[in-house]
Amino acid sequence: MAFNREMDAHSLQSERRSASLASHATDWTCVEAMPLAGKNMNEWMVELDVIAREVEAELVSREIGCDLVEVLDAVNMVLFKSRGFKRSPVLVDSKCAYLHSVLSSGYCSAILLSVIYIEVCRRLNLTIVGSRVGEDFLIWPQTGNPEELFKVISGHSLFGIVNGKCVDDPRAKASDINSNSLPGLELATNRDIIGIALANLMRLHWKRASRANHGLMLTSPLRSVDHADDKSSKTNCLNVPLLRPQDLRFKMLNCNLLA
């Protein structure tokens, strides 16, 4: 983190020479102590525990034990109705890709919604696994009987209840998944999930940077510093969001979450 702060300061001086820099940065004794929107990482992790306890309270109020269908229904009730979590069909806002922002707003990317779902269920002693299928990331309870996930209950299959409308979209590969093809999917590891989340964030910032800098290559700087003295270049630069090293702090959050 100290190295990133030093590199960040040099980048800011080179790219925005008119910007004022703080004389010193706070030295955190550990990454977990670094604040994110007013809370440190451990405090944000507690939010997942709180959600799990809300699901348990929902189950108690219904006088339900450990029935799989009822547990998932209670998870959906808390996440999507009580908490108001919503999946963004297209990632256009970086806040949907940061765990702490998602836990605050409820508006999230598909992969982070899956991460939250997996972690809440894990706290309820229910194992949820996932796999990338086309442009979608699908999750389902780990079971020795995949057929039960596709039985229609209350007009929907359990697999569809967990994954939403994407399994009913004829344009999506998710619609072709059935009890026979499900065991053939390669389960995503923790590393795979982190990689998907980071790749989505990188693509989002890359689109923003390339829109403002035509002809930008992946190995290029966000903007050329050779024309920094040009007044028009300076004016345009100030309006372009930069991808700062600390913008990838959610990687450490996810690493901590999925360790």
Side-chain angles (χ1 to χ4, degrees), residues 32 36-88 95-96 98-131 136-168 174 177 179 182 187-188 190 193 197 250 253-259:
E32 287 75 14
L36 294 164
K39 296 181 181 179
N40 61 36
M41 290 187 185
N42 291 331
E43 289 171 331
W44 282 116
M45 296 294 290
V46 169
E47 285 295 312
L48 295 171
D49 298 329
V50 172
I51 295 174
R53 287 197 293 269
E54 290 177 6
V55 175
E56 290 175 341
E58 176 70 19
L59 290 171
V60 170
S61 67
R62 301 183 188 184
E63 298 181 351
I64 295 171
C66 298
D67 181 76
L68 176 61
V69 176
E70 295 292 350
V71 170
L72 291 178
D73 183 62
V75 172
N76 288 347
M77 173 68 72
V78 171
L79 285 181
F80 303 122
K81 293 187 178 180
S82 300
R83 288 272 180 159
F85 278 86
K86 295 181 181 179
R87 170 182 170 178
S88 173
K95 290 182 179 180
C96 298
Y98 293 93
L99 186 59
H100 67 284
S101 298
V102 167
L103 289 172
S104 297
S105 67
Y107 196 57
C108 51
S109 63
I111 185 66
L112 275 195
L113 181 58
S114 297
V115 168
I116 292 172
Y117 206 107
I118 289 171
E119 283 300 309
V120 169
C121 288
R122 185 176 67 83
R123 286 159 170 77
L124 300 169
N125 296 319
L126 177 60
T127 301
I128 301 289
V129 295
S131 178
D136 296 304
F137 188 83
L138 306 179
I139 58 175
W140 62 92
Q142 193 173 45
T143 175
N145 182 22
E147 288 81 6
E148 68 179 332
L149 300 177
F150 294 87
K151 291 180 181 178
V152 176
I153 301 173
S154 300
H156 298 280
S157 69
L158 192 58
F159 189 74
I161 290 174
V162 172
N163 291 287
K165 296 179 180 179
C166 64
V167 297
D168 300 321
I177 301 298
S179 58
L182 192 63
L187 299 184
N190 293 342
I193 293 174
F250 101 108
L253 250 177
N254 266 348
C255 287
N256 187 52
L257 172 63
L258 296 168

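The first residue of the sequence shown is numbered 1, and numbering continues consecutively from there.
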inquiry  = side chain to side chain contact (heavy atoms under 4.5 Å, CB included) for D73 and I161? Distances and angles first, verdict last.
reply    = CA-CA 8 Å; D73 183 62; I161 290 174; 5.9 Å; no
task = Determine, stepwise, if the pair E119 / R123 fulfils salt bridge (charged side-chain N to carboxylate O under 4.0 Å, His left out).
result = CA-CA 6 Å; E119 283 300 309; R123 286 159 170 77; 2.8 Å; yes
Worked check of side chain to side chain contact (heavy atoms under 4.5 Å, CB included) between L124 and E56 = CA-CA 8 Å; L124 300 169; E56 290 175 341; 3.4 Å; yes
query = For the atom pair OG (S109) and CZ (R87), what is the distance rounded to the nearest 0.5 Å?
reply = 9.0 Å
query = With no hydrogens and no angle check, is any side-chain donor or acceptor of N163 less than 3.5 Å from a backbone partner on F159?
reply = yes
ask   = Is E58 paired with K81 through a side-chain N to carboxylate O contact shorter than 4.0 Å?
value = no
task = Decide side chain to side chain contact (heavy atoms under 4.5 Å, CB included) for E54 and V120; before the verdict, give the C-alpha distance in whole Å, the side-chain angles of both, and the deciding distance to 0.1 Å.
result = CA-CA 10 Å; E54 290 177 6; V120 169; over 6 Å; no
inquiry  = To the nearest 0.5 Å, what is the distance between OH on Y117 and CG on L48?
reply    = 14.5 Å
query = If you measure from CG on L103 to CZ on F85, what distance do you get to the nearest 0.5 Å?
reply = 5.5 Å
Distance (rounded to the nearest 0.5 Å) between S105 OG and K86 NZ = 10.5 Å
ask   = About how many Å separate CH2 of W44 and OH of Y98, when rounded to the nearest 0.5 Å?
value = 14.5 Å
task = Side-chain contact test, heavy atoms from C-beta onward, threshold under 4.5 Å: evaluate it for L68 versus L126 and give yes or no.
result = yes
task = For M45 and D49, run side chain to side chain contact (heavy atoms under 4.5 Å, CB included): C-alpha distance rounded to whole Å, both residues' side-chain angles, the deciding distance at 0.1 Å, then the answer.
result = CA-CA 7 Å; M45 296 294 290; D49 298 329; 5.7 Å; no
ask   = Just how far is it from atom CD of E147 to atom CG of L182, taken to the nearest 0.5 Å?
value = 9.5 Å
task = Tell me yes or no: between the side chains of E148 and T143, is some donor less than 3.5 Å from an acceptor?
result = yes
message = Given L138, which partner from the list V162, V129, I177 fulfils the side-chain contact (heavy atoms from CB on, under 4.5 Å) test?
response = I177
query = Are N145 and S179 side-chain neighbours, meaning at least one heavy-atom pair lies under 4.5 Å?
reply = no
